[in-house]
Amino acid sequence: MSDFDLVIRNARAVTASDTFDCDIGIRAGRIVQLGAGLGPGAREIDAAGRTVTPGGVDAHCHLDQPMPPPQRMADDFDSGTRSAACGGTTTVIPFAAQHKGQSLRAAVEDYRARAEGKAHVDYAFHLIVSDPTPEVLKVELPALIREGFTSFKIYMTYDDMKLDDGQILDVLDVARQEGAMAMLHAENSDCIEWLTRRLEAAGRTAPRFHAHARPMLVEREATHRAIALAELVDVPILIVHVSGREAVEQIRWARAHGLNVFAETCPQYLFLTAEDLGIDDSYKGAKCVCSPPPRDKANQQVIWDGLNDGLFTVFSSDHAPFKYDAPEGKKPDGEEVAFRHIPNGIPGLETRMALLWSEGVLAGRMTANRFVDLTATGPAKAYGLHPRKGTIAIGADADLVVWDEREVVIENAKLHHEVDYTPYEGMRLKAWPGLTISRGEVVWDGQDFHPRRGRGELLACGRPSLLPARRAA
């Protein structure tokens, strides 16, 4: 008779705060025992000589998000979570996006239907609030937060999504009252529009000019303003996809003044630069059009420093899966268009974990514990999923990654998303997940994906544990 459904033996287990050697006993999808010499398992995996970390939590990705025609995302919850699992991510948090004129509740129900029965790993939803009507602010948003949708994103740019300062204050006030985490995309929309018009008038419309229309100062100003608005309301915020020095300086200033400002960054700000958008007028730079855009080598080091010293709480992919050579993707209606009209975003769900493990941990830039904090524990805490997710502990879900140290060349043909490119094509890494385990089931064995649509559950999120204790009204 087996004592466990699965035993991982001889594991060198890494958490955000500790590293220890043990066997891991798993039953009914949960870790039920840690120690040496555990009893037999129905299945046993020998992890001797390898490192075991918690399954990744990718807390910022976009899957099957409704888009205005002709745009359409390449990945839905089937292909997106397949790609996540093959890269060591066992929980994803994409966005239920409200469009102007739409009920926020209706946006959530539509997104729930898009995910139902498709996901191979667990998932939760952030909300996107783009139309904060009195009904949304007073009824829908508070009710949804209490139902487990405890985080939402606010845009300061993009005409169809952005809020003005007064609207942002109203939404932040709901976050304060209800104990939710507010995420902000911080770029100054009016500055971007002014610069874009001037570039267009000069005929500078190739993909590379996307970065010219979004210099660091537009991110710096919006980050400063977001911090000021949050200070006025007295509410913590999380600035997403921070790209470089000027926004980092604003966040450091806020922290030095005792403000609860958290931050996220992404692989594109470590491994890409503005030159990847093109050094000439070639349209191939459209593959790397994202907002904020990648900066330069000096800013890559600023981001590495922030990852190491605690500035960043979350390392996410911001996976936005648009095909390059497709009329619903980076070439709308089959045309090469001006940078203003190129769908923003790059793929990265499957490569996120391996990039940071290889070039962060194995290259000596960070500790394995810090890696776990950034890719699993920190995101789980930020969005109310800890301690169920993001740790190796008794009672936690048995979401685990067993790392193989071997040379891997990133090739899009070998990835599992539906996008027709990766911006990291040809990069040589020192490791890749050898096993990905989701709630006690092997979903990736280092060579093959083991699909089971509907395995993943929609998770209700609790109060984010990064928030301060509730204050009296």
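Quick note: numbers below take in every heavy atom, side chains included, and nothing from hydrogens, waters or symmetry partners.
No donor-acceptor pair closer than 3.5 Å links the side chain of Arg455 to the backbone N or O of Arg439. Judged by distance alone, the side chain of Arg214 and the main-chain N or O of Cys290 form no donor-acceptor pair under 3.5 Å. Proximity of a side-chain donor or acceptor of Asp122 to a complementary backbone N or O of Thr91 within less than 3.5 Å is not detected. In this structure a side-chain-to-backbone donor-acceptor pair under 3.5 Å is present from Ser130 to Gln98. At least one donor-acceptor pair closer than 3.5 Å links the side chain of Asp276 to the backbone N or O of Thr273. Within the 3.5 Å criterion, the main-chain N or O of Asn10 finds a donor-acceptor partner in the side chain of Asp23. The backbone N or O of Arg452 lies less than 3.5 Å from a partner atom in the side chain of His120, making a donor-acceptor pair. Checking side-chain atoms of Lys331 against main-chain N and O of Tyr324 turns up no donor-acceptor pair under 3.5 Å. Panel note: side chain Ser2, backbone Pro40; no donor-acceptor pair is recorded below 3.5 Å.
Counting heavy atoms from C-beta on, the side chains of Met73 and Asp64 never come closer than 4.5 Å. Proximity of Leu458 to Glu116: side-chain heavy atoms (C-beta onward) are nowhere separated by under 4.5 Å. Side-chain contact between Trp403 and Met353 is present, with at least one heavy-atom pair separated by less than 4.5 Å. The shortest distance between side-chain heavy atoms of Asp325 and Tyr421 does not fall below 4.5 Å. Pro468 places a side-chain heavy atom less than 4.5 Å from the side chain of Asn260. Side-chain contact between Val240 and Asp318: absent, with no pair of heavy atoms (C-beta onward) separated by less than 4.5 Å. Using a 4.5 Å heavy-atom threshold, the side chains of Asp399 and Val121 count as separate. Between Lys118 and Tyr123, the closest side-chain pair of non-hydrogen atoms is not below 4.5 Å.
Between Asp5 and Arg43 no salt bridge is recorded (no basic side-chain N to carboxylate O distance below 4.0 Å). The residues Glu418 and Arg82 are annotated as salt-bridged, a charged nitrogen and a carboxylate oxygen being separated by less than 4.0 angstrom. A salt bridge links Asp397 with Lys389: the distance from a Lys NZ or Arg NE/NH1/NH2 to an Asp or Glu carboxylate oxygen falls below 4.0 Å. With salt bridges taken as basic N to acidic carboxylate O contacts below 4.0 Å, none links Asp173 and Arg176. By the 4.0 Å N-to-carboxylate-O rule, Glu135 lies too far from Arg105 to be salt-bridged with it. Using a 4.0 Å cut-off between charged nitrogen and carboxylate oxygen, Arg295 and Glu219 count as a salt-bridge pair. Using a cut-off of 4.0 Å between Lys/Arg side-chain N and Asp/Glu carboxylate O, Glu178 and Arg146 are scored as salt-bridged. Salt-bridge annotation for Glu457 and Arg388: present, with a side-chain N of the basic residue lying under 4.0 Å from a carboxylate O of the acidic one.
Put simply, the residue from Thr377, Thr391, Ile392 that forms a side chain to side chain contact (heavy atoms under 4.5 Å, CB included) with Val372 is Thr377. Screening Asp75, Thr351, Asn412 for a side-chain hydrogen bond (donor to acceptor under 3.5 Å, both in side chains) involving His417 leaves a single residue, Asn412. Considering Arg428, Arg352, Lys430 as possible partners of Glu359, the one that fulfils the salt bridge (charged side-chain N to carboxylate O under 4.0 Å, His left out) test is Lys430. Put simply, the residue from His62, His319, His185 that forms a ring-ring contact (aromatic ring centres under 6.0 Å, His included) with Phe95 is His62.
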Walk me through it: do Leu307 and Arg365 pass the test side-chain contact (heavy atoms from CB on, under 4.5 Å)? CA-CA 10 Å; Leu307 288 170; Arg365 289 188 175 102; over 6 Å; no
With side-chain contact (heavy atoms from CB on, under 4.5 Å) as the criterion, how do Thr265 and Trp304 come out once you've worked through the C-alpha distance, each side chain's angles and the decisive distance to 0.1 Å? CA-CA 10 Å; Thr265 195; Trp304 278 115; over 6 Å; no
Determine, step by step, whether Arg114 and Asp76 satisfy the side-chain contact (heavy atoms from CB on, under 4.5 Å) criterion, reporting the C-alpha distance in whole Å, the side-chain angles of both residues, the deciding distance to 0.1 Å, and the verdict. CA-CA 8 Å; Arg114 290 169 181 263; Asp76 63 6; over 6 Å; no
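One finds the NZ atom of Lys287 at 12.5 Å from the CG atom of Leu272 (value rounded to the nearest 0.5 Å). Remark: Ile145 CD1 to Met181 CE distance equals 12.0 Å, nearest 0.5 Å.
A pairwise comparison of heavy atoms in Phe262 and Leu466 identifies CZ-O, 3.7 Å as the closest pair. In plain terms, the two heavy atoms of Pro132 and Val129 that are nearest each other are CB-CG1, 4.1 Å. In terms of heavy-atom proximity, Asn344 sits nearest to Ala320 at O-CB, 3.9 Å. Here the closest heavy-atom approach between residue Leu311 and residue Arg255 is recorded as O-NH2, 2.6 Å. Contact record, Gly56 with Ala376: CA-CB, 4.5 Å, taken as the closest heavy-atom pair. Closest heavy-atom contact between Ile303 and Val242: CD1-O, 3.8 Å.
Side-chain contact of Ser291 with His210: a donor-acceptor pair under 3.5 Å is present, judged by distance alone. A donor atom on one side chain and an acceptor atom on the other are found under 3.5 Å apart for Ser103 and Glu140. Judged by distance alone, the side chains of Asp131 and His99 never bring a donor and an acceptor atom under 3.5 Å apart. A donor atom on one side chain and an acceptor atom on the other are found under 3.5 Å apart for Thr19 and Asn369. Using modelled atom types, one finds a donor on one side chain and an acceptor on the other under 3.5 Å when comparing Glu264 with Ser316. Between the side chains of Asp58 and Thr89, not a single donor N or O lies within less than 3.5 Å of an accepting N or O.
Using bins of under 30°, 30° to 60° and over 60° for the plane-to-plane angle, the ring pair His416/Trp444 lands in the perpendicular bin.
Aromatic ring centres of Tyr269 and Phe315 lie farther apart than the 6.0 Å criterion allows.
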